[in-house]
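Working notes, beginning with the structure itself.
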Amino acid sequence: SGCTSLVSAPDLPATTLAEYCCNNMFEGCTSLVTVPQILPATTLAWSCYEEMFSGCTSLVSAPDLPATTLAGYCYHRMFSNCYSLKSAPNLPATTLAGHCYHWMFSNCYSLKSAPNLPATTLAWSCYEEMFSGCRSLVSAPDLPATTLAEYCYSSMFSSCTSLSSAPELPATTLVKNCYNSMFSYCYSLKSAPNLPATTLVKGCYNSMFSDCSNLKSVTALFEKSVTNSLNGWLTGVSSIGTFYKNAEAVWENSGIIPAGWDVVLVTP
């Protein structure tokens, strides 16, 4: 950790890992350019790769990560603050764990595209701040998950200032804080994904689109407002826009829909 003159990292052939085994291994190696083509481990452990390449500011590409079953914090901050990273590895995992991808690529300023994320069942904070601060990211991956977990998407794309379109969010059953601040400060985002859930829970949409200053279109089908579920969710969006509201909804527009926006009633 902190080896600022290291240019090349050795191969790491192990296929079964132990807790914390590679934690912080190359953190802060600001000259590191060459890394193994693959980290072949398929049996991961708690925090095994946590912050492994964090702060490797010269790193352009990442090794393949073939594991399909993850462990808690296994990739936490793995490439955070890798300012030169242009491409992300494939992430084929379908069995996730708490905080597994938390902050994985945060502040990777040069990253333009995100890997596929095929999991349909999520875990606590699994994608939290995964791409936060990736200011060159222009497109998001598909997010097919229908079974959510607390904080699963929290701040996932926060401050992705070049992100112009959002992925579909098909889940109809929400959990606490699931989408909290998911797209906050995404200045280039013009329309929100459809939000099909008819029932809200605490924190689910809090700050979800806050400070998306070009956002002009939202479709949300919730029928009732719930205390502390919509705090600041459309603060700082465009002064004009259209809100597509469930015709069966029983909530008042004031404080939920931005003043100056048109309201169109839709049938789910």
Side-chain angles (χ1 to χ4, degrees), residues 117 120-122 127-128 131-132 137-268:
L117 298 171
T120 57
T121 298
L122 304 188
Y127 297 138
E128 185 173 1
F131 301 102
S132 64
L137 192 71
V138 294
S139 61
D142 290 340
L143 298 175
T146 52
T147 301
L148 308 186
E150 291 192 26
Y151 293 97
C152 56
Y153 291 123
S154 179
S155 298
M156 185 178 185
F157 300 104
S158 179
S159 298
C160 289
T161 53
S162 298
L163 189 69
S164 58
S165 62
E168 293 298 318
L169 299 173
T172 56
T173 300
L174 306 184
V175 296
K176 291 179 180 178
N177 300 297
C178 55
Y179 297 130
N180 178 40
S181 299
M182 186 176 183
F183 300 101
S184 61
Y185 300 100
C186 288
Y187 302 137
S188 299
L189 195 66
K190 293 183 179 179
S191 63
N194 291 343
L195 301 174
T198 56
T199 302
L200 302 186
V201 297
K202 184 178 180 181
C204 61
Y205 294 151
N206 281 0
S207 299
M208 188 175 183
F209 302 105
S210 65
D211 294 289
C212 292
S213 54
N214 284 298
L215 187 68
K216 297 178 180 179
S217 177
V218 174
T219 300
L221 301 182
F222 59 93
E223 296 177 352
K224 296 180 181 179
S225 176
V226 177
T227 302
N228 296 325
S229 62
L230 296 159
N231 293 349
W233 81 309
L234 294 174
T235 301
V237 298
S238 173
S239 59
I240 56 172
T242 303
F243 192 99
Y244 297 89
K245 179 181 179 181
N246 189 337
E248 299 177 1
V250 294
W251 45 272
E252 297 293 330
N253 298 349
S254 179
I256 295 177
I257 299 175
W261 278 36
D262 296 324
V263 178
V264 176
L265 299 181
V266 296
T267 302

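Residues: numbered from 1 along the sequence shown.
Atom CG of N206 sits about 4.0 Å away from atom CG of N231, to the nearest 0.5 Å. Rounding to the nearest 0.5 Å places NZ of K190 at 12.5 Å from OG of S217. Once rounded to the nearest 0.5 Å, the distance linking CG of L169 with CG of D142 reads 10.5 Å. Remark: L137 CG to C160 SG distance equals 5.0 Å, nearest 0.5 Å. One distance of note links NZ of K216 with CD1 of I240; it measures 5.0 Å at 0.5 Å rounding. Put simply, CD on E150 and CD on E128 are 11.0 Å apart, with the number rounded to the nearest 0.5 Å.
S165 is linked by a side-chain contact (heavy atoms from CB on, under 4.5 Å) to nothing, counting only residues two or more places apart in sequence or in another chain. Partners of V226 according to the side-chain contact (heavy atoms from CB on, under 4.5 Å) rule, which considers only residues two or more places apart in sequence or in another chain, are L200, S229. Applying the side-chain hydrogen bond (donor to acceptor under 3.5 Å, both in side chains) criterion to N214, with sequence neighbours excluded, gives no partner residue. With sequence neighbours excluded, the residues that form a side-chain contact (heavy atoms from CB on, under 4.5 Å) with N194 are E168, T219. For P141, the side-chain contact (heavy atoms from CB on, under 4.5 Å) criterion is met by A114, L117, L143, F157, not counting sequence neighbours.
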Run the side-chain donor-acceptor check on residues 247-268: report pairs under 3.5 Å with partners two or more places apart or on a different chain.
unit_1	atom_1	unit_2	atom_2	d
W251	NE1	F222	O	3.0
N253	OD1	K245	NZ	2.6
W261	NE1	S238	O	2.9

Only pairs under 3.5 Å count here: list side-chain donor-acceptor contacts from residues 171-188, not counting sequence neighbours, and write none if there are none.
unit_1	atom_1	unit_2	atom_2	d
N177	ND2	Y151	OH	3.1
S184	OG	S158	OG	2.9
S184	OG	S181	O	3.3
S188	OG	T161	O	2.6

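Looking at every heavy atom in both residues, W233 comes nearest to Y205 through CB-O, 3.0 Å.
Taking 4.5 Å as the limit, every side-chain heavy atom of F131 sits out of range of all side-chain heavy atoms of L163.
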Set out, in order, the CA-CA distance, both residues' side-chain angles and the distance that settles side-chain contact (heavy atoms from CB on, under 4.5 Å) for M208 and V218, then state yes or no. CA-CA 11 Å; M208 188 175 183; V218 174; over 6 Å; no
